[in-house]
Structures are given as C-alpha cells and as structure tokens.
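Single-structure report; data block below.
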Amino acid sequence: PGGKLQFRIDIDWVNPEATFHGVTSINLEAANYDPTGQKNGLAYSVFRDVGIVSPEANFATLHVNGELYAAYENIEQINGRFLDRHYEDDSGNLYFFIWDGHYGELRTNEEIGDVSRWTEMETLVNATPDSVSWTEFEAQIPTLIDVDELLLALATEAVVPQVDGVWAGSANCYVYDNPLGCGGAGCFEYLPWDMDSALVAPPLDLCPACGTSPETEEADPITFISGRGPAKKWRLFDLLMALPDRRAQFVDNLALVLDTAYDPATLEARHAERFAQLDPWNVLDPKVDYPRFVESNAELAALFAERRA
C-alpha cells in the first residue's frame, strides 16, 4: 500500500573480494506476492528437510537517515559465494532458469562462457522422441542431470506447493553443474528459488497479481499448470513422466516428502517463531497493510494441517 521497494545490494560490485558478514549480496524481498512476509524461509526449510540444497532466509530492517523504511525477508542469494558455502567444488557453471522458453542463463564463469553441457542437455530433451529414441534418452539423461534429485525437488515443489516454479509450468529455479555430482561424474542439480507464491491451497489464490486464477479443481500433481510464466511444463519433466519407472519414482517422492518434511506441527512452530520476529517491525511499517498481514498469517498457520490432510 505504501510502495515498498525491493532491494538487492551487491557488496562485491566494485571489489570482487568484498564481503559483509560473510556474504557478497543482500537480497531484501519486498513480498509483493506474499502478505505473510515469510513464505520463502518456510518453503526453503521443507526443501532442506528432504536434502535439497536451499537458500537460508531471515529478516532484516532497512533504515534510511535513521528512520525505519521497512522490514524485509532477507534471502540468501544463489551466487558464487552460495556455491562455495554449499559445495565441495564450486567451479561449475551456475544457471538461472528463465521463464520464457525454459532455458538457462549463465550466472557464473561468464568470462569463459562455455555452456556446451547445457546445450547438450537441451538438445537431448528437444530431440526426444523424434530423433532420439526413448531408450537412448533414458540412458543419456542421468549422465547430464541428477534425475533422482530433480524428481525429489519437483515433488517437494508439488507438496509445498510452489505454484510459480518448474513443477507448475513456470521456472524460478537455479541449476548448478556440480563437477562432483552423480557420484563424481559431474551433472546438473536443481536449486529452489523465489518462493513468495508458495504455500497456497490450490485452487485458491494461485496468482493474486495475475487477475484471474486458472481452473485447478483437478490439481493432479503431474499435470498441474498454474498459468504463470510460460504456463507449460518443462519438457524434461513431461519426458520423465512418460517413463513408467520415473513416474512411479515421482509419485513415491510425493509420499516421501509428506511423510518426512511436510510435518504440520514443525511448520506451525517455525511459522510462529518467524511471525514473532517480524510482527513487531511490521506493526510500525506504514508500507504494510497490517490487518492483512495478521489475517494472512492466520490463514497460513491453518494451511499446514489442511494441506497435509
């Protein structure tokens, strides 16, 4: 309501070696799609609980000339410093998965610019099953991307749910070409990103900013499309779902996430702790619709058990 701005502050913009409390970037999320102000951190915690490398998120306040400007969810930026913190070998290429067209934009090693492995994966995906047989695809794709990790990550997106992510026909993730992935052979690994539209109950409020919500009464976790971004599944996901063993693996992963990571009591406790941290600042922030903030957090607190059921 008050025109709250979003900020990303790159500490290393001038000096590549510069850090601030160990980070090179401060990412202040304005939560334009998230009146609760805390969905990113909660959603990422579910991914971490199933073993998917994910950003951390806490809260920060921004003061201008000694006056409170706003409180923010502070999201760990996925960049070279992130790779250094989470991976034994951080020398691989990091890609941001782009909305329109579902392709990767290089975010590290730009000076080298070698995207041949990404091109190889895209070529394989786009050629199947026309000029590449199903047998060839099934044999080659695990040499390029960690399929087990991808299917677990997308099952986690479905359970959360992340309606603005790859699973729902949008994009919003990073992909790291981990040199030590897939048992040391090297392969791509999914990294979750941008969860401010997560933790909703289809078919309700899938995209408040889109003006209309698509019909999702039959919200099948394999065919669901949210209507955001390209509004079509990543072709790789569709190809994997056409393989009976991989489809069964994805379905099994849905149950695994529900049974191990989507625990209502745990999520309710995390939510209550985070709300207690953010509430004293938001009540002072004229840019926050405070009654809506309180109401949306009450709805979110009730969602976990409803979603699990």
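Residue numbers count from 1 along this sequence. Since the structure is predicted, the reported quantities are computational estimates derived from the model, not experimental observations.
Closest approach of Ala155 and Asn253 over heavy atoms only: CB-CB, 3.5 Å. In terms of heavy atoms, Val200 sits closest to Val163 at CG2-CG1, 3.8 Å. The two residues Gln162 and Asp194 have their closest heavy-atom pair at NE2-O, 2.9 Å. Between Met241 and Phe250, the shortest heavy-atom distance links the atoms CE-CB, 3.6 Å. Taking both residues in full, the closest heavy atoms of Arg48 and Gly41 are given as NH2-O, 4.3 Å, listed atom of the first, atom of the second, then distance. Across all their heavy atoms, Pro129 and Arg235 have their closest contact at CD-NH2, 3.6 Å.
Relative orientation of the Phe137 and Trp134 rings is perpendicular, given thresholds of 30° and 60° on the angle between their planes. By the 30° and 60° cut-offs, the orientation of the rings of Tyr176 relative to Tyr87 is tilted. Note: His63 and Trp281 have perpendicular aromatic rings, judged against thresholds of 30 and 60 degrees for the angle between ring planes.
Here the side chain of Asp10 pairs no donor or acceptor atom with the backbone of Asp12 at under 3.5 angstrom. Side chain of Asn27 to main chain of Glu76: no donor-acceptor pair is present (N/O by atom type, distance under 3.5 Å, no hydrogens or angles). Listed for the Lys4 side chain is no donor-acceptor partner under 3.5 Å among the backbone atoms of Val288. Panel note: side chain Thr156, backbone Phe47; no donor-acceptor pair is recorded below 3.5 Å. Put simply, the side chain of Glu157 gets close to the backbone of Trp167: a donor and an acceptor are under 3.5 Å apart. Between the side chain of Asp196 and the main chain of Asn40, no donor-acceptor pair closer than 3.5 Å is present. Here the side chain of Thr135 pairs no donor or acceptor atom with the backbone of Ser133 at under 3.5 angstrom. Under the 3.5 Å distance criterion, the side-chain polar atoms of Arg307 are matched with a main-chain donor or acceptor of Val159.
Distance check: Leu199 CG to Thr36 OG1 gives 8.0 Å after rounding to the nearest 0.5 Å. For the atom pair CD of Gln140 and CD of Glu120, the computed distance is 7.5 Å after rounding to the nearest 0.5 Å. Atom CG of Leu240 sits about 11.5 Å away from atom CG of Asp245, to the nearest 0.5 Å. For the atom pair CG (Asn15) and OG1 (Thr24), the distance works out to 11.5 Å, reported to the nearest 0.5 Å.
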Show your reasoning for whether side-chain contact (heavy atoms from CB on, under 4.5 Å) applies to Asn93 and Ile112. CA-CA 10 Å; Asn93 284 354; Ile112 301 173; over 6 Å; no
side-chain contact (heavy atoms from CB on, under 4.5 Å) assessment of Phe96 paired with Ile78: CA-CA 9 Å; Phe96 182 65; Ile78 297 180; over 6 Å; no
Before you tell me yes or no, could you show the steps for Leu239 and Ile141 under side-chain contact (heavy atoms from CB on, under 4.5 Å), namely the whole-Å CA-CA distance, both residues' side-chain angles and the distance that decides it to 0.1 Å? CA-CA 10 Å; Leu239 293 174; Ile141 196 63; over 6 Å; no
Assess the residue pair Leu154 and Phe237 against the criterion (side-chain contact (heavy atoms from CB on, under 4.5 Å)); give the C-alpha distance rounded to whole Å, side-chain angles, the decisive distance to 0.1 Å, and a yes or no. CA-CA 9 Å; Leu154 296 185; Phe237 179 78; 3.5 Å; yes
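Figure legend: cation-pi geometry between Lys39 and Tyr33 absent, as NZ or CZ is not positioned both under 6.0 Å from the six-membered ring centre and within 45° of its axis.
No donor-acceptor contact under 3.5 angstrom links the side chains of Gln277 and Asn58, judged on distance only. Side-chain polar atoms of Ser25 and Asn79 form no donor-acceptor pair below 3.5 angstrom. Side-chain polar atoms of Arg246 and Gln249 form a donor-acceptor pair below 3.5 angstrom. Side-chain contact annotation: Ser91 with Asp89, donor-acceptor N/O pair under 3.5 Å present.
Clustering ILVMFWY residues whenever any of their side-chain heavy atoms sit less than 4.5 angstrom apart, transitively, puts Leu83 in a cluster other than the one holding Leu180. If you chain together hydrophobic residues whose side chains sit under 4.5 Å apart, Leu258 and Leu303 fall into the same group.
Using a 4.5 Å heavy-atom threshold, the side chains of Ser296 and Asp34 count as separate. Under the 4.5 Å side-chain criterion, counting only non-hydrogen atoms from C-beta, Asn297 is not in contact with Asp279. For the pair Val132 and Leu124, the minimum side-chain heavy-atom distance is below 4.5 Å. Within the 4.5 Å cutoff, the side chain of Leu150 has no heavy atoms near those of the Phe188 side chain. When side chains are defined from C-beta on, Tyr72 counts as touching Leu62, because their heavy atoms get closer than 4.5 Å. Residues Val257 and Leu152 are in side-chain contact: their nearest non-hydrogen atoms beyond the backbone lie under 4.5 Å apart. The shortest distance between side-chain heavy atoms of Asp49 and Asp263 does not fall below 4.5 Å. Residues Val166 and Asn172 fail the side-chain proximity criterion, which asks for heavy atoms closer than 4.5 Å.
Between Phe97 and Tyr190, the ring center distance fails the sub-6.0 Å criterion.
Under 4.0 Å is where a charged nitrogen must lie from a carboxylate oxygen, and between Arg292 and Glu295 at least one such pair does.
Atom OH of Tyr290 sits in a crowded spot, with more than 12 heavy atoms from other residues, nucleotides or ligands closer than 6.0 Å. By the 6.0 Å contact criterion, CD on Glu88 is open, its count of non-hydrogen atoms from other residues, nucleotides or ligands being 12 or less.
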